[in-house]
Amino acid sequence: MAKAKDAGALTRQEIETLYRRLSEAMPGRTRGAKGPKGQPDAFRSCISCMLSAQSRDTNTAKAASALFRLAKTPEEILALPDEEIAAAIKPCGLYNMKTRNLRKFCTALVEDHGGVVPNTRKGLLSLPGIGRKCADIVMSFTFGAEVIAVDTHVHRVCNRTGLATGKTEAKTAEALEARSPEWAMKDGHFWLIQFGKAVCTARAPKCETCPINDLCVWYRAQK
Ligand code: SF4
């Protein structure tokens with residue numbers, strides 16, 4: 001991704017304008033949106049999010065379905081031998097490492113939280129294998145909190161436009177939270193991710209017809 005020359009230079013007013021335009025151009029949160037990859041509870045959302053690392057959505061969904069056919073709770077997963085877990089989640093890749101991580105996550109959940117997924121970012125981040133992105137996705141989708149989860153699409157859009165900058169998704173998330181107006185927190189993730197997939201794509205972004213190109217630091221730097 002090309003880096004903005006003057007990253008982070010949007011004024012508060014420009015940030016307000018950027019969000020307002022995205023809210024008009026993008027559909028926002030889908031009614032009844034469920035946890036990561038459509039999972040029905042916080043535990044399965046966390047597991048699905050962990051499985052999604054470096055995996056396509058379709059492969060993550062296959063792995064999650066296979067695993068949840070065998071076990072749906074941390075106790076049930078811990079009762080499975082590693083080989084069985086690894087075989088189930090093989091479609092999402094890195095399955096030996098992910099098996100170890102799932103076991104550590106389930107063990108901590110049972111030992112420290114009575115098997116119940118905590119409903120705070122701090123609590124989620126205390127669990128092995130749960131980073132800022134997974135914590136925020138679970139907080140937003142499963143617990144309905146007004147936080148903007150930063151994935152690869154949101155990270156790209158933020159850094160190109162100058163809305164928020166950071167070398168990692170976690171750093172961008174911190175900056176974005178500090179710079180976003182309260183009214184944008186509920187749907188901001190959805191506007192940004194839809195915009196990143198449809199307009200500000202990784203390759204060949206549609207800059208000439210982009211509704212925020214007059215605000216975008218990266219675009220302005222090319223002119
Ligand atoms: S002008 Fe629009 S599409 Fe192009 S980089 Fe900026 S935000 Fe992305």
Side-chain angles (χ1 to χ4, degrees), residues 1-31 33-38 49 52-61 121 131-141 144-223:
M1 176 172 46
K3 196 156 172 36
K5 280 183 193 163
D6 189 17
L10 295 192
T11 65
R12 188 166 293 275
Q13 188 54 47
E14 287 172 328
I15 289 173
E16 293 269 348
T17 305
L18 183 151
Y19 272 121
R20 186 172 46 70
R21 288 202 203 148
L22 290 188
S23 74
E24 289 161 3
M26 295 293 136
R29 182 185 285 256
T30 311
R31 192 180 288 274
K34 290 207 176 104
K37 324 302 174 202
C49 206
S52 72
Q54 295 181 54
S55 167
R56 291 178 186 277
D57 284 357
T58 48
N59 294 335
T60 303
R121 180 189 281 155
R132 172 81 184 230
K133 180 176 78 173
C134 279
D136 283 355
I137 284 177
V138 173
M139 286 302 296
S140 171
F141 281 87
E146 297 190 357
V147 297
I148 301 180
V150 174
D151 71 348
T152 183
H153 302 289
V154 178
H155 177 64
R156 181 177 64 253
V157 171
C158 286
N159 279 276
R160 277 182 180 163
T161 57
L163 176 57
T165 58
K167 285 204 169 127
T168 62
E169 290 172 2
K171 287 284 175 203
T172 298
E174 270 176 38
L176 186 61
E177 189 160 87
R179 292 164 66 80
S180 297
E182 257 180 53
W183 63 266
M185 297 304 288
K186 182 162 176 278
D187 271 1
H189 167 80
F190 301 91
W191 297 325
L192 288 164
I193 197 170
Q194 289 161 354
F195 180 71
K197 286 180 178 178
V199 181
C200 193
T201 48
R203 288 181 197 172
K206 301 175 179 68
C207 298
E208 294 307 321
T209 54
C210 170
I212 55 169
N213 60 12
D214 58 319
L215 302 168
C216 175
V217 168
W218 185 74
Y219 184 70
R220 285 188 286 178
Q222 315 300 308
K223 294 284 161 185

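One-based numbering, in listed order, for ligands and for the atoms of each. A quick note: this is a predicted structure, and the numbers were derived from the prediction, not measured.
You'll find the ring centres of F190 and F195 outside the 6.0 Å limit.
Side-chain N/O atoms of T172 and N159 include a donor and acceptor closer than 3.5 Å. Under 3.5 Å, the side chains of E208 and Y219 contain a donor-acceptor pair of N or O atoms.
With salt bridges taken as basic N to acidic carboxylate O contacts below 4.0 Å, none links R179 and E174. With respect to D151 and K197, no salt bridge is recorded, no charged nitrogen being found less than 4.0 Å from a carboxylate O.
By the 30° and 60° cut-offs, the orientation of the rings of W183 relative to W191 is tilted.
Around atom 8 (Fe) of ligand 1, the protein atoms of type N, O or S that sit closer than 2.8 Å are C200 SG.
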